[in-house]
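First up is the structure itself, then whatever we jot down about it.
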Amino acid sequence: MTCAACSARVERSVGKIEGVESCSVNLTTERMTVEFDPVKTDLDTIKKTIEKIGYSWAEIKSDSVDEDKLRREKAVRVLWIKFIVSAVFVLPLLYVAMGHMLPFGLHLPLPEILQPMAYPLNFALIQIVLTIPIIIMGYRFYVVGFRAIWHRAPNMDSLIAIGTSVAVLYSLYAIYQIIQGHFAFAEHLYFETAGVIITLVLLGKSLEAVSKGRTSGAIKNLMGLAPKTATILVEDKERNIPLEDVKIGDIIIVKPGGKIPVDGTVVSGNTTIDESALTGESMPVDKKVGDNVFAATINTTGSIQFRADKIGADTALAQIIKLVEDAQNSKAPIAQLADIVSSYFVPVVLGIATFSGLAWFAVTGDVEFALTILISVLVIACPCALGLATPTAIMVGTGKGAENGILIKNGEALEALHKIDTIVFDKTGTITEGKPEVITVEGDVLQLAASLERYSEHPIARAICNYYKGEYLEVKDFKAVVGQGVEGIIDGKKIEIGRGIVVLVDGEYVGRVVISDKPKTSSYTALKKLRDRGIETVMITGDNRETAEAIAKQVGIERVFAEVMPRDKANEVKKLQNEGRKVAMVGDGINDAPALAQADIGIAIGSGTDVAIESATIVLMKSDLMAVPMAINLSHATIRNIKQNLFWAFGYNIVGIPVAAGILYIFGGPLLTPVFAAAAMSLSSVSVVANALRLKGTRL
């Protein structure tokens, strides 16, 4: 594919196949994602449709990243070679064709044998000789361009092919006239126009390919993080094996300074590990027996042995790479206008070029002037810039997010995030540390509470059991009531422990355990940054109102939903949406999953559960809430960049095409030559990609 017209054509054709539910084609990554009903169609039908409209395809393999990288690097090398060869021939072509026309003082004299008036045929033939290698270097424009016309789906290559072909054919006609004795036609050759257009477009394509390669740098960086080998323990001996040979259950040894090769659980030793590659968090994390370690993180201090739990595509690193790839291949709703315009763009330009050429011929009677207008309009039009405006910014934006521990699952989420005006935060483990501690005990209830709570996995239960140092009483008929507490029979009496950690014996209040969970050190600052942006912050929790409001006061939250059952969290989010708000939900637990799914944007804390992460559209790899305003800032920066790109792409074509058609010339202004039109067209695509690359330097 060479421009947005190509991607739109593939998308439209595949989308028409019966059974295809959705089809998205990304011009920047050159990938198509298609969902289809296998009962109604199959992959072969889709592939044949792609081939029928003139394109080839390559199925993506799980290990194709290196192969894809090599293919792209080869394509860039080939483009540069083609440009250099074209430049070598276009410079003498310009010297022959135009050197004698330069003003006095800059005049470049031609040898006598090439003088246009003395030897017009020589003058013309040497230009053909110099133009042929340039056309050969740009042969792909003709093959792809005319094939696209044959399939009734003209693209950017079609515009270049038609424009340069018209220039060459008219020049061949001029040579025929010279042979017939009409030597004045030596002054009416357009070979240098075709040569310069092809050379400039090749230069633009080369720069564009290099820039597009840099937009996918985040994926390349992530792929390079994992080590190629691992040291495993076999019969008390160390063996160094390739990473792909590691099996689940292998005991792996990592010494200080070494990289963790796969995900696993520490079985021996203590150390600190730098997890910044995955989380963006610069502070090393202490690890002991029983703790999890992750591929591509760096062991900094002690030697450890760990059991391999997840390998290959199941590691956290592989999942991150997959998530970033999916995001970079997705489309944001803001791209819809560009997609619609792109699908009609080239036929409209062909119509404008033809009409302009015929109109100027009718007015002036000058064939060459009409051809200049025709070629200029064809060459200046650039659907590429339209097609690249959104995907390049999304690629760089999602890559920038990944480098900072912010994983955005698709372009739609990236765009929607900048519209958020309300963010709902779960309390425990999100705003707070998630490590509750017993502060005081009211009444003689600690033994009763600890005896019951030892059967629960809740963080509050663990806090009570850690605080209690005595013997446990026997409990019968233990039962945990989700969102309410626990109950059981002790010494024949029904003991109930409810929210707020009140203790009831046979239905009567006998005391309570006061629990406190400290806010994270960054919570106040993060929430203040959001409020400074005009975003309302809300806290939702199952805790009693007294505890909830105490925490909310510490972090500056004014609106609190307390004593909310897990199943009702989604309803509270829905109520906010019914007020006309754009709501994001931030949580980390299983009970947050419905609310994460209900919200316009679900943001899961990466240290949370798999269910929460699966339900969310944005995943924060670190538990630091500062990542939330960072994600908001990233969304605003990316959408601003996309709007700049679209403004430039639309503006360039809206202004450039009428100027090329001679609108200024009517009022005594300048006439745009095909050479300048080609230069402008080439720079338009490069400028859009270059602007997207500026996102890499954005401070979040």
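Residue indices begin at 1 and follow the sequence shown.
Separating the CD1 atom in Ile408 from the OG1 atom in Thr617 is a distance of 9.0 Å, to the nearest 0.5 Å. Ile241 CD1 to Ile252 CD1: the interatomic distance, rounded to the nearest 0.5 Å, is 7.0 Å. Separating the CH2 atom in Trp80 from the OG atom in Ser206 is a distance of 5.0 Å, to the nearest 0.5 Å. Taken to the nearest 0.5 Å, the CE atom of Met621 stands 11.5 Å off from the CD1 atom of Ile406. Rounding to the nearest 0.5 Å places CD1 of Ile639 at 9.5 Å from CG of Leu646. With rounding to the nearest 0.5 angstrom, the OG1 atom of Thr698 is 6.0 Å from the NZ atom of Lys400.
Between the side chain of Lys419 and the main chain of Lys582, no donor-acceptor pair closer than 3.5 Å is present. Panel note: side chain Ser376, backbone Leu672; a donor-acceptor pair is recorded below 3.5 Å. In terms of modelled atom types and a separation under 3.5 Å, the side chain of Ser165 and the main chain of Ile162 share no donor-acceptor contact. Under a 3.5 Å cut-off, the side chain of Asp263 and the backbone N or O of Ala316 do form a donor-acceptor pair. In this structure, the side chain of Ser158 does not engage the main chain of Ala148 through any donor-acceptor pair within 3.5 Å. Of the possible donor and acceptor atoms, one in the side chain of Asn410 sits under 3.5 Å from a partner among the backbone N and O of Glu412. Counting only distance, with no hydrogens or angles, the side chain of Thr164 and the backbone of Ala194 share no donor-acceptor pair below 3.5 Å. Of the possible polar contacts, none joining the Asn653 side chain to the Phe650 backbone as a donor-acceptor pair under 3.5 Å is found. Proximity of a side-chain donor or acceptor of Thr297 to a complementary backbone N or O of Phe294 within less than 3.5 Å is detected.
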Could you walk me through whether Ile632 and Leu417 pass side-chain contact (heavy atoms from CB on, under 4.5 Å), step by step?
CA-CA 6 Å; Ile632 298 282; Leu417 189 58; 3.7 Å; yes
Apply side-chain contact (heavy atoms from CB on, under 4.5 Å) to Val346 and Met156, showing your working.
CA-CA 7 Å; Val346 177; Met156 189 201 76; 5.7 Å; no
Intermediate values then yes/no, side-chain contact (heavy atoms from CB on, under 4.5 Å), Ile380 and Phe676
CA-CA 8 Å; Ile380 200 170; Phe676 281 108; over 6 Å; no
Please report the C-alpha distance between Thr229 and Leu243 in whole Å, then the side-chain angles of each, then the deciding distance to 0.1 Å, and finally whether the side-chain contact (heavy atoms from CB on, under 4.5 Å) criterion is met.
CA-CA 5 Å; Thr229 61; Leu243 183 62; over 6 Å; no
N/O donor to acceptor pairs below 3.5 angstrom from side-chain atoms of residues 12-23, sequence neighbours left out:
unit_1 : atom_1 : unit_2 : atom_2 : d
Ser13  : OG     : Arg9   : O      : 2.9
Ser22  : OG     : Glu35  : OE2    : 3.4

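Asn633 places none of its side-chain heavy atoms less than 4.5 Å from the side chain of His636. Between Val379 and Leu159 there is no side-chain heavy-atom pair separated by less than 4.5 Å. Side chains of Leu27 and Cys6 form no contact here, defined as non-hydrogen atoms less than 4.5 Å apart. Side chains of Met137 and Ile81 form no contact here, defined as non-hydrogen atoms less than 4.5 Å apart. Side-chain atoms of Tyr652 and Val688, non-hydrogen and from C-beta on, never get closer than 4.5 Å to each other. Using a 4.5 Å heavy-atom threshold, the side chains of Ile198 and Tyr142 count as touching. Between Leu79 and Arg77 there is no side-chain heavy-atom pair separated by less than 4.5 Å. Considering only heavy atoms from C-beta on, Leu172 comes within 4.5 Å of Phe191 through its side chain.
Heavy-atom minimum distance, Pro674 versus Thr372: CD-CG2, 3.8 Å. Among all heavy-atom pairs drawn from Val396 and Ala692, the shortest one is CG1-O, 3.5 Å. Residues Leu378 and Ala353 share a closest heavy-atom pair of CD2-CB, 3.7 Å. Considering every non-hydrogen atom in both Pro391 and Asn26, the closest pair reads CB-OD1, 3.6 Å. When all heavy atoms of Leu200 and Ala678 are compared, the pair lying nearest together is CD1-CB, 4.1 Å. Across every non-hydrogen atom of Leu317 and Ala295, the tightest pair is CB-O, 4.2 Å.
Within a 6.0 Å radius of CZ in Phe146, other residues, nucleotides and ligands contribute more than 12 heavy atoms.
The list of side chain to side chain donor-acceptor pair (under 3.5 Å) pairs with a residue in residues 42-53, not counting sequence neighbours, reads Asp42-Thr45, Lys47-Glu59, Glu51-Trp57. Pairs passing the side chain to side chain donor-acceptor pair (under 3.5 Å) check and including a residue from residues 638-649, sequence neighbours excluded, read Asn641-Asn645, Gln644-Asn691, Gln644-Arg694, Asn645-Asn691, Trp648-Ser687.
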